[in-house]
Amino acid sequence: MARKKIALVGSGNIGGTLAHLIGLKELGDVVMFDIAEGIPQGKGLDILESTPVEGVDARYSGANDYSAIKGADVVIVTAGVPRKPGMSRDDLVGINLKVMAAVGQGIKENCPGAFVICITNPLDVMVWALQHYSGVPANMIVGMAGVLDSARFRTFLCEEFNVSVEDVTAFVLGGHGDTMVPLVRYSTVAGIPLPDLVKMGWTTQEKLDKIVQRTRDGGAEIVNLLKTGSAYYAPAASGVQMAEAFLKDKKRVLPVATLVKGGTYGQPDDVFVGVPVVIGEGGVERIVEIELNAAEQAEFNKSADAVRGLVKVAKGLMG
Ligand code: A3D
């Protein structure tokens, strides 16, 4: 059986980390693409030269021409510009929209059957734009945000409770932005929901509220520390988990940005936004619609409306 082909469109900080992790996990052969000449070729060769040390088999190549992604099984898109201190994700919409137009065309011409994972910000709007430009069916295109936001939430909860990362689960819904909705009721330590842990005296409501806010600000916290760009280790790990779920038909239940339509999650019209889904060989095989209480639904609606607002801005720019 031939190895799977994974195309990374964008070979910057996240692209390079994705390439490294994919090799370490032996998920397939990697093609790195970028408009910057020499970067995908250089990073690809560097990582290839690490494979004998690691004892993993994966081929690497780099390219500046979209024909290199022909026949890819998975495409992970990080092409574009990250934010700098003082910028919001939404400030990137104009510049990264043009990038999605080019990437979408490249996918359409070379690998329209691929499972596409978008990471470029502002996330939910870029997934919408990439689907528009690539024509990939809605079940085969997702945005990475919820896995990362949940991982940040889980990290802070592990620190608070001093328990293993393996025993903390968390759900973050909504758009990837200031309006994201960390779901406290559905987040647990070994199955015990967070509100119960407050009752058990493991933490206080006040501390929990602070953790929720830190999760919302998780991206900005890193941007302010790095000053020259945004997070890339955890975003890459999150993207790889989603790719693995598809490639190995794992049926993982993961929060991703997907097309929510037909009244699902109480939405009046179609919108790409973060909800839990099952990912397997069919891409998004099912949306998991959990019951929200009135406050959670209101927060989710606000988040979905923020995405709609930005899609409107994007449509205006597209003319
Ligand atoms: P960076 O290291 O700058 O890499 C981006 C790469 O894209 C660079 O190598 C560019 O040369 C390349 N590029 C620019 N335009 C094009 C184009 N038209 N075609 C192909 N390649 C192009 O950034 P990064 O890797 O740190 O971040 C990439 C994106 O991910 C940014 O938009 C970030 O905002 C976003 N991001 C999203 C999350 C989420 O959780 C959704 C987290 C962190 C970063």
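Start at 1 and go down the list; that is how both ligands and their atoms are numbered.
For ligand 1, the polar-atom distance check against Asn13 finds a nitrogen or oxygen pair separated by under 3.5 Å. Polar contact check, His176 against ligand 1: a nitrogen or oxygen pair lies under 3.5 Å apart.
Nearest protein heavy-atom contact of atom 14 (C) of ligand 1 is Gly80 N, 3.5 Å. The protein heavy atom nearest to atom 4 (O) of ligand 1 is Gly12 CA, 3.3 Å. Atom 3 (O) of ligand 1 has as its closest protein heavy atom Pro82 CD, 3.4 Å. For atom 21 (N) of ligand 1, the closest heavy atom belonging to the protein is Ala79 CB, 3.4 Å. Scanning the protein heavy atoms around atom 24 (P) of ligand 1, the nearest turns out to be Ile14 CG1, 3.8 Å. The protein heavy atom nearest to atom 29 (C) of ligand 1 is Thr78 O, 3.5 Å. The protein non-hydrogen atom at the shortest distance from atom 37 (C) of ligand 1 is Ile119 O, 2.9 Å. Asn121 ND2, 3.6 Å is the protein heavy atom nearest to atom 38 (C) of ligand 1.
Using a 4.0 Å cut-off between charged nitrogen and carboxylate oxygen, Asp29 and Arg3 count as a salt-bridge pair. Look at Lys251 and Glu285 and you find a salt bridge, because one of the NZ, NE, NH1 or NH2 atoms lies within 4.0 Å of a carboxylate O, short of that distance.
Within the 4.0 Å heavy-atom cutoff, Ser230 counts among the residues contacting ligand 1. Close to ligand 1: Ala231, with a non-hydrogen atom less than 4.0 angstrom away.
Counting only non-hydrogen atoms, the option in Asn96, Val81, Leu8, Asp34 that gets closest to atom 31 (C) of ligand 1 is Val81.
Applying the side-chain contact (heavy atoms from CB on, under 4.5 Å) test between Ser61 and each of Val31, Leu48, Val30 identifies Val31 as the sole match. Of the listed residues (Ile14, Asn96, Val9), just one forms a side-chain contact (heavy atoms from CB on, under 4.5 Å) with Thr120, and that residue is Asn96.
Of all atoms in ligand 1, numbered sequentially from 1 with element shown, those under 4.0 Å from a heavy atom of Leu123 are 41 (C). Annotation for ligand 1: atoms under 4.0 Å from non-hydrogen atoms of Phe33 are 20 (C). Under a 4.0 Å criterion applied to the non-hydrogen atoms of Val99, ligand 1 contributes the atoms 15 (N), 16 (C), 17 (C), 18 (N). Interface of Met144 with ligand 1, defined as ligand atoms under 4.0 Å from a residue heavy atom, comprises 39 (C), 40 (O), 41 (C).
Crowding of Asn224 atom CG: a count of heavy atoms from other residues, nucleotides or ligands under 6.0 Å exceeding 12.
Side-chain N or O atoms of Arg154 include one that pairs as donor or acceptor with a backbone N or O of Val168 at under 3.5 Å. A donor-acceptor pair under 3.5 Å is formed between the side chain of Asn64 and the backbone N or O of Asp34.
Once rounded to the nearest 0.5 Å, the distance linking CZ of Arg214 with CZ of Arg152 reads 10.5 Å. Taking CG from Asp217 and CG from Asp178, the interatomic distance works out to 7.0 Å, rounded to the nearest 0.5 Å.
Taking the centre of each ring, Tyr186 and Phe171 stay at or above the 6.0 Å mark.
Looking at heavy atoms from C-beta onward, Arg252 lies in side-chain contact with Gln241 at the 4.5 angstrom threshold.
Residues Thr179 and Ala306 share a closest heavy-atom pair of OG1-CB, 4.1 Å.
Residue contacts with ligand 1 for Leu148 involve side-chain atoms from C-beta outward but no N, CA, C or O (heavy atoms, distance under 4.0 Å). Residue contacts with ligand 1 for Arg89 are absent, since no atom lies close enough (heavy atoms, distance under 4.0 Å).
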